A.B. asks: 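One structure follows; several queries about it will come next.
Not measured: the values here are computed from a predicted model.
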Amino acid sequence: MKNNTKIYNKFEGYTLEDCNCKYCLYFGGRRRGKVKCLAGECVCKEEIEAARRKERRFTLNGS
């Protein structure tokens, strides 16, 4: 990229809406209100925690 190129939509992490289980590769559907995951444990755990921290920080600061 050149020196005068601007990046307008810089990736700043996932949101909680992005980390919804229905978008996951290992989503097996819902059964009696519970999510059925085809993996042994959630593979998106770190991204979900980071999104929760980011949202909590956002609501506490009010920005």
A.B. asks: My understanding is that only residues two or more places apart in sequence, or in another chain, count here; which of them pass ring-ring contact (aromatic ring centres under 6.0 Å, His included) with Y14?
C.D. replies: F11
A.B. asks: Minimum heavy-atom separation for G13 and K54, please, with both atom names.
C.D. replies: O-NZ, 3.7 Å
A.B. asks: For residues Y23 and D18, report the shortest heavy-atom separation together with the two atoms involved.
C.D. replies: CD1-O, 4.1 Å
A.B. asks: Could you work out, with side-chain contact (heavy atoms from CB on, under 4.5 Å) as the rule, every residue matching R52, not counting sequence neighbours?
C.D. replies: L16, I48, E49, R56
A.B. asks: To the closest 0.5 Å, what do you measure between NZ (K45) and SG (C19)?
C.D. replies: 13.5 Å
A.B. asks: So F27 and L38, do their side chains get closer than 4.5 Å, heavy atoms only?
C.D. replies: no
A.B. asks: Pair C21, C37 - check side chain to side chain contact (heavy atoms under 4.5 Å, CB included), show working.
C.D. replies: CA-CA 8 Å; C21 287; C37 187; over 6 Å; no
